[in-house]
Amino acid sequence: MLPSRVLQLAKQGNPSAIAALISQALQSRGMIVQGGMKNGHLQLLVRAKDVPDPKQLVPFLYQGLVKLQPEAITMVKIYGQGANNNYVAWRRAIQLPVS
C-alpha cells in the first residue's frame, strides 16, 4: 500500500492502517503494533523483545493519535506485551478529544 494511502485510511479510522503508521514510527525501538476494533474502540497491541514501558509509550501514542485525528475513534485501548510472552503485561485506556 502506498504511504499516502495508508495515511488516508488511518485518518478514516482504519485500525490496520493506524497500526502500520505506529509500527513505522516505533520500528527503530524494535516494536511492532497490531490494531483492531472491538466494541467501537481502537485496540492496539504493542509487542517488543522486552515489554514496552507504558510511561513512555502511552503519551507518545496519545500525541500521535491526537495529531492524526482518526474519524469516529474516541477511545483507544493499548496493550503491552513482550515478544516471548503469551500474556499482556499491561493495558491502558486513553480518551481522545472529540473534534
Side-chain angles (χ1 to χ4, degrees):
M1 216 180 311
L2 296 172
S4 61
R5 181 73 176 136
V6 173
L7 181 59
Q8 180 184 9
L9 288 170
K11 285 181 175 279
Q12 292 172 357
N14 180 294
S16 297
I18 293 169
L21 286 178
I22 296 170
S23 285
Q24 187 178 34
L26 295 175
Q27 185 176 7
S28 65
R29 299 183 194 181
M31 297 181 200
I32 57 170
V33 181
Q34 294 174 288
M37 293 293 286
K38 185 174 182 183
N39 299 326
H41 301 143
L42 175 63
Q43 309 250 327
L44 298 172
L45 173 64
V46 183
R47 298 185 76 198
K49 181 181 178 201
D50 297 317
V51 175
D53 181 359
K55 291 179 186 169
Q56 293 179 349
L57 185 62
V58 173
F60 174 82
L61 293 176
Y62 177 81
Q63 289 173 350
L65 289 166
V66 166
K67 188 175 178 181
L68 180 65
Q69 295 181 327
E71 290 177 15
I73 294 177
T74 57
M75 177 64 73
V76 183
K77 296 191 178 180
I78 306 165
Y79 305 89
Q81 186 177 41
N84 298 325
N85 301 331
N86 290 327
Y87 64 91
V88 172
W90 56 264
R91 64 188 53 148
R92 301 288 187 279
I94 55 175
Q95 186 82 36
L96 298 179
V98 178
S99 51

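One-based numbering along the sequence shown.
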Exercise. Is it possible for you to say whether M37 and V88 belong to one hydrophobic cluster, with membership spreading through side-chain heavy-atom contacts below 4.5 Å?
Key: no
Quiz item: Looking only at heavy atoms, which two atoms of A10 and P70 are closest? And how far apart?
Solution: O-CB, 3.5 Å
Quiz item: Which atom names give the shortest non-hydrogen contact between R47 and A83, and what distance separates them?
Solution: NH2-O, 2.8 Å
Self-check item: Closest non-hydrogen atom pair, G82 against V51
Solution: N-CG2, 3.6 Å
Quiz item: Is there a path of hydrophobic side-chain contacts, each under 4.5 Å between heavy atoms of I, L, V, M, F, W or Y residues, that connects L45 with L65?
Solution: no
Quiz prompt | Interatomic spacing from OG in S23 to CG in L44 - rounded to 0.5 Å | solution = 9.0 Å
Practice problem: Any chance you could lay out the side-chain contact (heavy atoms from CB on, under 4.5 Å) test for W90 and V46, step after step, and finish with the verdict? | Solution: CA-CA 10 Å; W90 56 264; V46 183; 5.6 Å; no
Quiz prompt | Transitive ILVMFWY side-chain link L26 to L7, under 4.5 Å | solution = yes
Exercise. With rounding to the nearest 0.5 Å, note down the distance linking CD1 in I73 to NZ in K11.
Key: 12.5 Å
Quiz item: How many angstroms lie between atom CD of Q56 and atom CZ of R29, to the nearest 0.5 angstrom?
Solution: 7.0 Å
Quiz item: For A93, which residues count as a side-chain contact (heavy atoms from CB on, under 4.5 Å) partner, sequence neighbours excluded?
Solution: M75, K77
Quiz item: Between atom CG of N84 and atom NZ of K49, what is the distance when rounded to the nearest 0.5 Å?
Solution: 8.5 Å
Quiz prompt | Check against side-chain contact (heavy atoms from CB on, under 4.5 Å), Y62 and L57 | solution = CA-CA 9 Å; Y62 177 81; L57 185 62; over 6 Å; no
Quiz item: Can you check whether H41's main-chain N or O pairs, donor with acceptor, with N39's side chain at less than 3.5 Å?
Solution: no
Quiz item: What residues, two or more places apart in sequence or in another chain, satisfy side chain to side chain donor-acceptor pair (under 3.5 Å) together with Q34?
Solution: none
Quiz prompt | In one Ile/Leu/Val/Met/Phe/Trp/Tyr side-chain cluster, 4.5 Å: F60, I32 | solution = no
Quiz prompt | N85 side chain to Y87 backbone, donor-acceptor under 3.5 Å | solution = no
Practice problem: Quick one: list whatever passes side chain to side chain donor-acceptor pair (under 3.5 Å) with Q8, sequence neighbours left out. | Solution: R5
Exercise. Measure across V6 and A17 and return the closest heavy-atom pair with its distance rounded to 0.1 Å.
Key: O-CB, 3.5 Å
Exercise. Tell me, please, whether Y79 has R92 positioned over its six-membered ring: NZ or CZ under 6.0 Å from the ring centre and within 45 degrees of its axis?
Key: no
Practice problem: Following the transitive rule for hydrophobic clusters with a side-chain heavy-atom cut-off under 4.5 Å over Ile, Leu, Val, Met, Phe, Trp and Tyr, establish whether L96 and I22 coincide in one cluster. | Solution: yes
Quiz item: Are more than 12 heavy atoms from other residues, nucleotides or ligands located less than 6.0 Å from atom CD of Q12?
Solution: yes
Quiz prompt | From CG (L61) to CD1 (I94), nearest 0.5 Å | solution = 6.5 Å
